[in-house]
Amino acid sequence: MKTKRRIKLWLMCILTLLVSVFSVLSDLIKFEGNVEVFTPWFWLNLILTNVSAVVIIFLSNSTEKDIQMLKNEKFTLLSTRLFDLFKELNTRNIRTAFKGYIDKDNAREKREVYFAHLNRKISRCEQMIDKLESRYNMWRLFFKKPIVEKPRTLRLIIWRNRLQFWQTRLETAEKDVKYVNVRYLHVTEHSIFGASDEKSRAARDMSYHTTEHNIEILVKKLLLIFVFGFAASLGFVFNPVVWSVEFIYKMALRLFQIGMALYTGISDADKFVEGDMCDALSRRIVYVQGFKESLIAK
């Protein structure tokens with residue numbers, strides 16, 4: 001943690017210095033448009049520069065996540081706890097019971113989501129009917145006409161038909177819910193124990209998996225390899241360095257871009273592992289513990 005803090009401190013110092021340099025140089029620079037500069041090579045250089053910065057963000061983010069997943073105490077503790085629960089289910093031969101628990105939980109969640117969906121539709125129809133009836137009778141009172149208890153306008157007829165349709169669906173919801181297509185958070189055994197299952201299988205795996213490793217390298221580094229390989233294939237003419245305000249300005253901006261890319265990738269990975277990933281592991285542990293408590297209740 002101390003090393004990480006030092007890195008962030010140095011990054012902040014460098015970024016502050018670059019911002020300060022840019023702020024000073026910006027007063028000495030007069031920005032002008034030059035149409036002749038915007039050649040295909042200008043745009044190619046611009047694309048390569050920015051793509052490289054994006055690659056740095058994703059690679060630094062991925063690398064830092066891998067590091068934090070091994071070093072973050074909270075994450076490793078939660079991962080170990082979840083793996084212990086996974087082994088306990090296997091040892092006690094209750095994986096099948098756990099699958100049944102998940103199926104019942106999914107069915108319950110689907111039912112709740114479906115009923116909530118129908119009730120929202122009904123509530124929406126009732127609100128629109130009340131609104132249209134109120135508006136209709138307001139105008140009747142304005143023209144000194146008696147109010148109508150249930151006015152029959154075209155829009156009201158349509159909304160009442162919709163209301164009747166959804167009320168009918170609600171009455172048959174219990175038998176329909178099994179077959180309807182509803183979007184809800186579907187829990188699976190793999191979504192809970194995916195990493196633990198892979199870890200358990202890996203303990204018995206004696207193979208090298210050379211092909212898979214090579215494919216993984218290619219996928220992870222493909223963009224970086226393409227960018228630098230394409231850049232290396234281009235011809236170039238080296239211009240001697242001329243120390244000028246323009247040269248310092250461009251260098252400061254490039255360094256600032258790289259520094260920001262590194263800082264963005266690293267800092268975001270730390271927050272993601274500490275926050276989102278640890279919270280997800282905690283929810284998985286609570287879910288499995290709920291299953292264990294249901295066994296005790298029986």
Side-chain angles (χ1 to χ4, degrees), residues 33 50-51 53-54 57-58 61 65 78 98-194 260-261 263-265 267-291 293-294 297:
N50 287 282
V51 168
V54 173
I57 291 175
F58 282 103
N61 185 270
K65 280 179 187 173
L78 291 171
F98 184 59
K99 291 179 181 177
Y101 176 83
I102 292 175
D103 292 338
K104 289 181 180 179
D105 181 63
N106 282 328
R108 180 170 56 251
E109 178 66 15
K110 183 180 180 181
R111 180 186 179 280
E112 290 179 1
V113 171
Y114 182 56
F115 271 77
H117 169 72
L118 294 178
N119 285 317
R120 282 196 303 269
K121 291 291 186 180
I122 292 173
S123 177
R124 168 68 173 163
C125 292
E126 290 174 344
Q127 289 175 3
M128 284 301 300
I129 290 171
D130 290 341
K131 181 179 177 180
L132 292 173
E133 287 180 347
S134 298
R135 186 182 299 171
Y136 178 86
N137 283 311
M138 180 186 69
W139 283 108
R140 288 187 65 86
L141 289 174
F142 179 79
F143 290 108
K144 296 182 172 52
K145 294 181 178 181
I147 63 172
V148 178
E149 192 67 30
K150 285 189 176 182
R152 291 181 60 82
T153 65
L154 179 61
R155 293 187 65 188
L156 278 168
I157 291 173
I158 293 173
W159 279 104
R160 287 193 185 112
N161 288 336
R162 289 180 182 175
L163 176 61
Q164 185 177 3
F165 170 78
W166 291 115
Q167 286 175 337
T168 303
R169 292 288 294 272
L170 183 62
E171 291 172 1
T172 60
E174 286 292 352
K175 62 179 181 180
D176 294 345
V177 66
K178 182 179 179 180
Y179 308 102
V180 295
N181 186 18
V182 182
R183 294 182 62 182
Y184 67 101
L185 291 176
H186 187 80
V187 177
T188 64
E189 189 181 22
H190 185 266
S191 67
I192 299 173
F193 288 132
M260 279 298 296
Y263 178 75
T264 301
S267 61
D268 180 77
D270 293 351
K271 293 178 183 177
F272 185 77
V273 173
E274 181 71 23
D276 293 33
M277 295 184 73
C278 287
D279 290 344
L281 288 178
S282 298
R283 289 192 294 270
R284 295 177 189 182
I285 291 172
V286 170
Y287 191 91
V288 181
Q289 287 176 336
F291 163 67
E293 291 173 1
S294 69

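All of these numbers come straight from a predicted model, not from anything done at the bench. All heavy atoms count here, side chains included; hydrogens, waters and symmetry mates do not.
- Across Ser282 and Leu78, no two heavy atoms sit closer than the pair OG-CD1, 3.5 Å.
- Contacts of Glu174 classified as salt bridge (Lys or Arg N to Asp or Glu O under 4.0 Å), with partners at least two apart in sequence or in another chain: Arg111.
- Applying the side-chain contact (heavy atoms from CB on, under 4.5 Å) test to Ser134 and every residue at least two apart in sequence or in another chain returns nothing.
- Summarising the geometry, atom CE belonging to Met128 is positioned 12.0 Å from atom OG belonging to Ser123; distances are rounded to the nearest 0.5 Å.
- Side-chain contact between Ile158 and Leu154: present, with at least one pair of heavy atoms (C-beta onward) separated by less than 4.5 Å.
- With contacts defined as side-chain heavy-atom distances shorter than 4.5 Å, the pair Arg120/Arg124 does not qualify.
- In this structure, the separation between CD1 on Ile192 and CZ on Phe291 is 10.5 Å, given to the nearest 0.5 Å.
- Aromatic ring centroids of Tyr287 and Tyr101 lie under 6.0 Å apart.
- Sparse packing is recorded around CG of Leu185, with 12 or fewer heavy atoms of other residues, nucleotides or ligands lying under 6.0 Å away.
- Separation of the Tyr184 and His186 ring centroids falls under the 6.0 Å cut-off.
- With sequence neighbours excluded, no residue forms a side-chain hydrogen bond (donor to acceptor under 3.5 Å, both in side chains) with Lys110.
- With sequence neighbours excluded, the residues that form a side-chain contact (heavy atoms from CB on, under 4.5 Å) with Ser191 are Val187, Thr188.
- Across Leu118 and Ala173, no two heavy atoms sit closer than the pair CD1-CB, 3.8 Å.
- Closest approach of Val113 and Arg183 over heavy atoms only: CG1-O, 3.6 Å.
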Throw together a table of side-chain donor-acceptor distances under 3.5 angstrom for residues 163-171, partners on residues two or more places apart or in other chains.
from, atom 1, to, atom 2, distance (Å)
Thr168, OG1, Gln164, O, 2.8
Arg169, NH2, Tyr114, OH, 3.3

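- Annotation: ring-ring contact (aromatic ring centres under 6.0 Å, His included) contacts of Tyr179 (sequence neighbours excluded): none.
- Between Arg162 and Lys121 the shortest side-chain heavy-atom distance does not fall below 4.5 Å.
- The side-chain heavy atoms of Leu132 and Thr153, taken from C-beta on, include no pair separated by under 4.5 Å.
- Listed by chain and number, the residues in a salt bridge (Lys or Arg N to Asp or Glu O under 4.0 Å) with Asp105 are Arg108 (sequence neighbours excluded).
- For the atom pair CZ (Arg155) and CD1 (Ile129), the distance works out to 11.5 Å, reported to the nearest 0.5 Å.
- Between Ser294 atom OG and Gln289 atom CD the span is 12.0 Å, to the nearest 0.5 Å.
- One distance of note links NZ of Lys145 with CH2 of Trp139; it measures 12.5 Å at 0.5 Å rounding.
- Using a 4.5 Å heavy-atom cutoff, the side chains of Ile102 and Phe98 are in contact.
- Panel note: side chain Asp276, backbone Phe272; no donor-acceptor pair is recorded below 3.5 Å.
- Sequence neighbours left out, the pairs with a member in residues 127-142 that pass salt bridge (charged side-chain N to carboxylate O under 4.0 Å, His left out) are Glu133-Arg160.
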